[in-house]
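First up is the structure itself, then whatever we jot down about it.
What you see is a predicted model; the values in this text were computed from it and never measured.
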Amino acid sequence: MDTAELREPWAVSGAGSYFRQGWLWRIARSFGGCRFLVSPSVNRKLITFARRTGLAVSLAVSLAVSPLTLSLAVAPTAATAVSRPVSAAVPSDGEPSPAAIDAYLAKAMESMALPGMSVVVTHNGKIVHAAGYGHDSAGEPVTENTPMRVASVSKSFTAMAVMTLVDDGRLSLDEPVAEQLPEFRLADPRARGITLRHLLNQTSGLSDGTVDIRAAESATTLAGYVAALRGGTLAAAPGTRWAYCNVNYEVAARLVEVAGGMSFGEYMKQRVFGPLGMTGSAVGDQEITPSKGFNSLFGAWVPRPELRDFLYGGGAGGVVTDAADMGKWLISQTGDGTQLVQPDSLKTMHTSSGVRDYGMGWGRETVDGADLLVHSGNLFTYTAVEAIAPDTGYGFAVMTNGAGLYDDVYDVLTGLVAMSRGGTPEVPGGSRQQVELVLGLIALAAAGLGVLGVLRSRRWASRRMGSPAWRVGLRLVPALLPVLLFALYRDLISFLMNGRTVTWEQLTYSAAPMTITFAVAAAAGAATVVTRLLRLRESRSVVSSR
């Protein structure tokens, strides 16, 4: 996004993607994906420090490390890749062979320990390689025809649907949306100046913090979604600021319904999926139902049903597709094969707005030295990324049925891009496991220190006999810090996600390892404080009875 906006901010259609457009994501990117390392000497100092200062400060240190670990976890770069090069086997025409791509992907799967992954690579109007690896939650092998939720990758499809109507003269990019969709009304009078171009460029001024996202996503239709926005305001005047917001593409999808005269899903089927021969693709999961996805929990993949709030069949993240179909889509996006819109319209979709390096469902990013058009998608149990290289005609899509604190698919994309340019990719993997290992160790340490604090509470209380209440309170404040941080945890994540409403249920999905670590530390701190107070009360009662 800025490369952050191109890689879905921590669930663009879910929790994950919004996080990456925040300041913490930028800090992580500035570190270049460096790993969090602690030397033995530092470890010894921390242990000594913990023994001298007790549980409270130790827990505070642990919790201070957790956000840092997460910030590094969400910065997938080549710096975190495992240094195990794979021979690209690039032929004289510069195109890597299907066998070479397959060998790279097989090793990547082994190294990353993903549950399932499907990938397609296209070049000059043909599919070079499309395959699946691993298994789904039912234990069935993943193939190039396995349905995958692609989350905010859907935005590029929605933009295409809009542009077909623009080419037909039924929609205008630069007329106010309110004139083309009279039901679109906000409390902010500036909203009357929002155009369809603003929506697709994410420059409308709409923001997660200025509209009632939860109410909108509770709607059962796109019309209901738009109606729920009426009390909303704008964070900036239309066309002046870029802000990633799903609302833009849900409103655009409603425009497609009104101008197209049918449901958004049916329009996509007739005017986008159908002409391209994408028979394994649909909007929503009623017609094509993917299996449950997975969450990574301290190294184990746990099957989970996707949260219903983020399966709304709209334009921001509702597309279900497979690797074979994505190959047809990427070929069309590079200007080859069947074309759905005029060449100028395709160019408009790929052109940045000028406010930010983001077009219409596509953003520009440099990956392994290549200038690409990219968009990623993160749900709570699925992750995806698509990219095209305008200068070479390559297209790439990587999809996985798992989600965690680290974006594995982007590392795979980086390797594929390197191969397409004649380079030798490094096999990705290990970063997610390392992050979760650190969080797991912190949780174990916090639990151990909590037990220690409880066992030593009587001795602690005896040392505080006769101390004034304010001094005892001050001694307890550090132990309460983890409790306070956990109480603010949901609001903190919401802040990092630019004000998006976050529920506790959402935090038990891809962020589960971090949530558990915070919860364990808070429980340990609370147990220590309560036990110390009880022991102190008992000691004073004994003294007063003498």
Side-chain angles (χ1 to χ4, degrees), residues 86 88-90 95-109 112 114-134 136 141-154 156-157 160 272-273 275-282 288 290 319-338 340 361-362 367-368 370 372-377 382-390 392-402 407-421 425 428:
V86 177
V90 180
E95 183 178 283
S97 68
I101 297 174
D102 185 70
Y104 163 71
L105 294 173
K107 289 187 178 181
M109 271 293 293
M112 295 185 298
L114 295 173
M117 178 176 70
S118 60
V119 178
V120 62
V121 177
T122 65
H123 188 216
N124 291 336
K126 69 179 187 299
I127 293 178
V128 178
H129 183 69
Y133 305 84
D136 64 15
V142 172
T143 72
E144 68 272 22
N145 301 120
T146 298
M148 294 279 186
R149 304 185 193 276
V150 295
S152 281
V153 168
S154 305
S156 59
F157 288 94
M160 177 61 77
V272 179
F273 300 142
L276 293 178
M278 298 176 65
T279 57
S281 303
I288 299 175
V319 170
V320 174
T321 186
D322 57 45
D325 277 8
M326 282 300 294
K328 300 168 186 177
W329 167 250
L330 293 170
I331 287 171
S332 179
Q333 285 293 306
T334 55
D336 299 305
T338 301
L340 304 178
W362 293 93
V367 177
D368 199 62
L372 304 180
L373 291 169
V374 184
H375 210 291
S376 66
Y382 277 81
T383 310
V385 65
E386 65 174 352
I388 57 175
T392 63
Y394 272 97
F396 313 89
V398 184
M399 299 166 284
T400 180
N401 57 359
D407 191 348
D408 292 294
V409 298
Y410 206 84
D411 282 0
V412 177
L413 170 66
T414 301
L416 293 172
V417 171
M419 295 183 75
S420 74
R421 300 176 71 82

Donor-acceptor pair, side chain of [X] and main chain of [Y], under 3.5 angstrom:
X	Y	value
Thr383	Thr400	no
Thr146	Thr143	yes
Ser154	Val150	no
His129	Val119	no

Those residues that, when tested against [X], pass side-chain hydrogen bond (donor to acceptor under 3.5 Å, both in side chains) (two or more places apart):
X	result
Ser156	Glu386
Asp102	Tyr133
Ser281	Thr321, Asp325
Thr334	Asp336

For [X] versus [Y], what's the shortest heavy-atom pair and its separation?
X	Y	result
Leu413	Val398	N-CG2, 4.2 Å
Tyr410	Val374	CE1-CG1, 4.3 Å
Asp411	Tyr104	O-OH, 3.5 Å
Trp362	Ala387	CZ3-CA, 4.2 Å
His123	Thr392	NE2-O, 3.0 Å
Met109	Pro115	CE-O, 4.1 Å

Rounded to the nearest 0.5 Å, how far apart are [atom1] of [X] and [atom2] of [Y]?
X	Y	atom1	atom2	result
Lys328	Thr279	NZ	OG1	5.0 Å
Leu340	Ser332	CG	OG	4.5 Å
Phe273	Phe157	CZ	CZ	5.5 Å
Ile388	Leu330	CD1	CG	7.5 Å

Close side-chain approach of [X] to [Y], heavy-atom, < 4.5 Å:
X	Y	answer
Val412	Met112	yes
Val153	Val319	no
Val128	Pro96	no
Leu373	Pro390	yes

- Task: Test Met326 against Met148 for side-chain contact (heavy atoms from CB on, under 4.5 Å), laying out the working first.
- Result: CA-CA 10 Å; Met326 282 300 294; Met148 294 279 186; over 6 Å; no
- Message: Using the ring-ring contact (aromatic ring centres under 6.0 Å, His included) criterion, which residues pair with Phe396? Sequence neighbours excluded.
- Response: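 ring-ring contact (aromatic ring centres under 6.0 Å, His included) check on Phe396 returns Tyr394.
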- Message: Just to verify, what does Pro290 make a side chain to side chain contact (heavy atoms under 4.5 Å, CB included) with, not counting sequence neighbours?
- Response: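 In terms of side chain to side chain contact (heavy atoms under 4.5 Å, CB included), with neighbours along the sequence ignored, Pro290 is linked to Pro147, Arg149, Asp285, Val320, Tyr382.
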